[in-house]
Amino acid sequence: MFVDQVKITVKAGKGGDGMVAFRREKFVPNGGPAGGDGGHGGSIILRVDEGLRTLMDFRYHRIFKSKAGQNGMIKGMYGRKADNLYVAVPEGTTVHDLDTGEVLGDLTENGQELVVAAGGRGGRGNIKFASPKNPAPEIAENGEPGEERNLQLELKVLADVGLVGFPSVGKSTLLSVLTSAKPKIAEYHFTTLVPNLGMVQLDDGRDFVMADLPGLIEGASNGVGLGIQFLRHVERTRVIIHVVDMSGMEGRDPFADFEKINQELAKYDPDLLKRPQIVAASKMDLPDAQENLEKFKEKLVEDTTLDAVPKIIPVSAITHANLQSLVAQTADLLEKTPKFEIETGQKAEDKVVYTYKPEEKPFTLKRDPDSTWVLGGEKLERLFQMTNLEHDESVMRFARQMRAMGVDDELRARGAKSGDVVQIGKFTFEFVE
Ligand SMILES: Nc1nc2c(ncn2[C@@H]2O[C@H](COP(=O)(O)OP(=O)(O)OP(=O)(O)O)[C@@H](O)[C@H]2O)c(=O)[nH]1
Ligand SMILES: [Mg+2]
């Protein structure tokens, strides 16, 4: 089983700002407050799409942002809420918060959703701040910022098709021309040390996951070469593409190679020989390949130890000859082969969706060398971002909110005096007893 992993960033939309406005009606000289609320910002929601098999799509799209809510308007009109952004993920995706290490959720069922970044609440317009004491408030809130997170998505993937064969027969090269995977390719043996995965997409809309496995050699089933740990992977693939180098360049007999690999597969697990196999006769662009292929075909019919004579498809990764036919026949074979259950290592009842809410410290206070008091902390900063600094009354409201949070007490306790400079972000004000 392979683990596909990607890191993504999600930024939810901020809420729309609330508005400060007043009614202007013909026969009402001093109309009441009429500023509407901002709309809710869009959230980012992961949703399982059973049509997806890998996290490959995320390789090119790593930052997801949803839209901000619309600002509140005059005449008490609310801003429109922004649409949520749905991001499709395959079944079996596990979501981690990279910064806290928490598991946010396991997405195991088609259609299952997980909010990974909540959109900000819309700020309230001045209508909401009216009271008998203050019937015409110049107070409005800005929208709440949207949540932002760095996530790691993880998926255990089963390859549908495994490329099996001696070292250097061109397994990785095939994977590189049939999929967008970029495996290492070189003329020396054992270039591939761990399997690479790619998604093969056919013009007719079918697709399958293909893996190039490290080269097998005689004795692989007993642990010679890299063999054994990867034979385990072969066990999990539904169709085997057995790659046989027809060039004879390395002085080996293609048919002997083919039989040796099959023997290793059988020694590891006799059932592997029942797995549907297609022979990809590779490097057909090289001079002796055609001749070697004819001999191979004859021997295959006469001598093979396999129950059924597999199909042979002569291909070249260089000229791309017959590659379409190889993928089409592989897809046909896959359709006839039953699927394995994906093991996630968990029983159904263990599959919980975790939600994680860190305990927030309301504010932090430190003193700079130039004796400025610097306020910070997630909750306080959020309140500050939601304060509309254009209206004195809004600023006063923020001052009251800080007092309620205990900021004044803390300043006093730490020895702040009237006239000391206090800073939040880029905003400074004087501490007044
Ligand atoms: N002429 C020719 N050369 C090829 C073709 N396919 C692969 N090669 C060459 O064969 C060599 C080995 O290719 P790889 O794809 O790395 O072989 P591999 O089977 O993945 O090898 P290991 O990972 O070591 O098991 C490289 O030098 C490739 O350029 C082909 O169709 N035609
Ligand atoms: Mg390779």
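Closest approach of Ala82 to Gly42, counting heavy atoms only: CB-N, 3.4 Å. Minimum heavy-atom separation, Gly165 to Ile261: C-CD1, 3.8 Å. Scanning both residues, Lys14 and Pro145, for their nearest heavy atoms gives CB-CA, 4.1 Å.
With sequence neighbours left out, Thr428 forms a side chain to side chain donor-acceptor pair (under 3.5 Å) with no residue at all. A search for ring pair (Phe, Tyr, Trp, His ring centres under 6.0 Å) contacts involving Phe398 returns Phe384, not counting sequence neighbours. With sequence neighbours left out, Glu381 forms a salt bridge (charged side-chain N to carboxylate O under 4.0 Å, His left out) with no residue at all. Residues passing the salt bridge (charged side-chain N to carboxylate O under 4.0 Å, His left out) test with Asp332, sequence neighbours excluded: Arg206. Taking Lys274 as the reference, Asp271 meet the salt bridge (charged side-chain N to carboxylate O under 4.0 Å, His left out) condition, with sequence neighbours excluded. In terms of the side chain to side chain contact (heavy atoms under 4.5 Å, CB included) criterion, residue partners of Leu323 (sequence neighbours excluded) are, by chain and number, Leu174, Val177, Leu178, Val315, His320. Under the ring pair (Phe, Tyr, Trp, His ring centres under 6.0 Å) criterion, Phe166 pairs with no residue, sequence neighbours left out. His40 is linked by a ring pair (Phe, Tyr, Trp, His ring centres under 6.0 Å) to nothing, counting only residues two or more places apart in sequence or in another chain. Residues passing the salt bridge (charged side-chain N to carboxylate O under 4.0 Å, His left out) test with Arg62, sequence neighbours excluded: none.
For the 3.5 Å distance criterion, the side chains of Ser282 and Asp245 fail to qualify, holding no donor opposite an acceptor. Between the side chains of Asp370 and Thr372, a donor-acceptor pair is found at a separation under 3.5 Å. Looking at Thr387 and Ser394, their side chains never bring a donor and an acceptor atom within 3.5 Å of each other. Between the side chains of Glu138 and Asn388, no donor-acceptor pair is found at a separation under 3.5 Å. Side-chain N/O atoms of Gln152 and His96 include no donor and acceptor closer than 3.5 Å.
Surrounding NZ of Lys267 are more than 12 heavy atoms belonging to other residues, nucleotides or ligands, all under 6.0 Å away. The environment of CG in Asp392 is sparse: at most 12 heavy-atom neighbours from other residues, nucleotides or ligands sit within 6.0 Å. The number of heavy-atom neighbours closer than 6.0 Å to CD of Glu390, taken from other residues, nucleotides and ligands shown, is 12 or below.
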* To do: Could you walk me through whether Gln277 and Asn262 pass the side chain to side chain donor-acceptor pair (under 3.5 Å) test, one step at a time?
  => CA-CA 10 Å; Gln277 241 189 56; Asn262 284 329; 2.9 Å; yes
* Asked: Run the salt bridge (Lys or Arg N to Asp or Glu O under 4.0 Å) check on Arg121 and Glu141 step by step: do they pass?
  -> CA-CA 10 Å; Arg121 178 171 68 75; Glu141 271 172 339; 3.5 Å; yes
* **Worked verdict on Glu144 versus Arg382 for salt bridge (Lys or Arg N to Asp or Glu O under 4.0 Å)** => CA-CA 7 Å; Glu144 182 187 31; Arg382 192 163 56 227; 3.4 Å; yes
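Of the listed residues (Thr173, Asp285, Leu286), just one forms a side chain to side chain contact (heavy atoms under 4.5 Å, CB included) with Ile318, and that residue is Asp285. Of the candidates Thr330, Val279, Val327, Ile278, Ile278 is the only one forming a side chain to side chain contact (heavy atoms under 4.5 Å, CB included) with Ile313. Residue Phe363 is tested with Leu383, Val407, Ile424 for a side chain to side chain contact (heavy atoms under 4.5 Å, CB included); the sole match is Val407.
A donor-acceptor pair is defined here as one N or O able to donate and one able to accept, closer than 3.5 Å; no such pair exists between the side chain of Glu91 and the backbone of Glu50. Not one N or O on the side chain of Thr108 forms a donor-acceptor pair closer than 3.5 Å with the backbone of Gly92. For the pair Thr179 (side chain) and Ala181 (backbone), a donor-acceptor distance under 3.5 Å is present.
The salt bridge (charged side-chain N to carboxylate O under 4.0 Å, His left out) pairs that include a residue from residues 406-424 are Arg367-Asp420, Arg403-Asp408, Asp409-Arg412, Glu410-Arg414, Arg412-Glu433, where partners are two or more places apart or lie in different chains. Screening residues 166-183 for salt bridge (charged side-chain N to carboxylate O under 4.0 Å, His left out) gives no qualifying pairs among residues at least two apart or on separate chains. For residues 125-135, the set of pairs meeting the side-chain hydrogen bond (donor to acceptor under 3.5 Å, both in side chains) definition, not counting sequence neighbours, comprises Asp37-Lys128, Tyr78-Lys128, Asn134-Glu393.
At a threshold of 4.5 Å between non-hydrogen side-chain atoms, the residues Leu216 and Val164 count as touching. Using a 4.5 Å cut-off on side-chain heavy atoms (C-beta onward), Val239 and Thr337 make contact. Within the 4.5 Å cutoff, the side chain of Leu273 has no heavy atoms near those of the Arg275 side chain. Proximity of Leu153 to Ile8: side-chain heavy atoms (C-beta onward) are separated by under 4.5 Å at one or more points.
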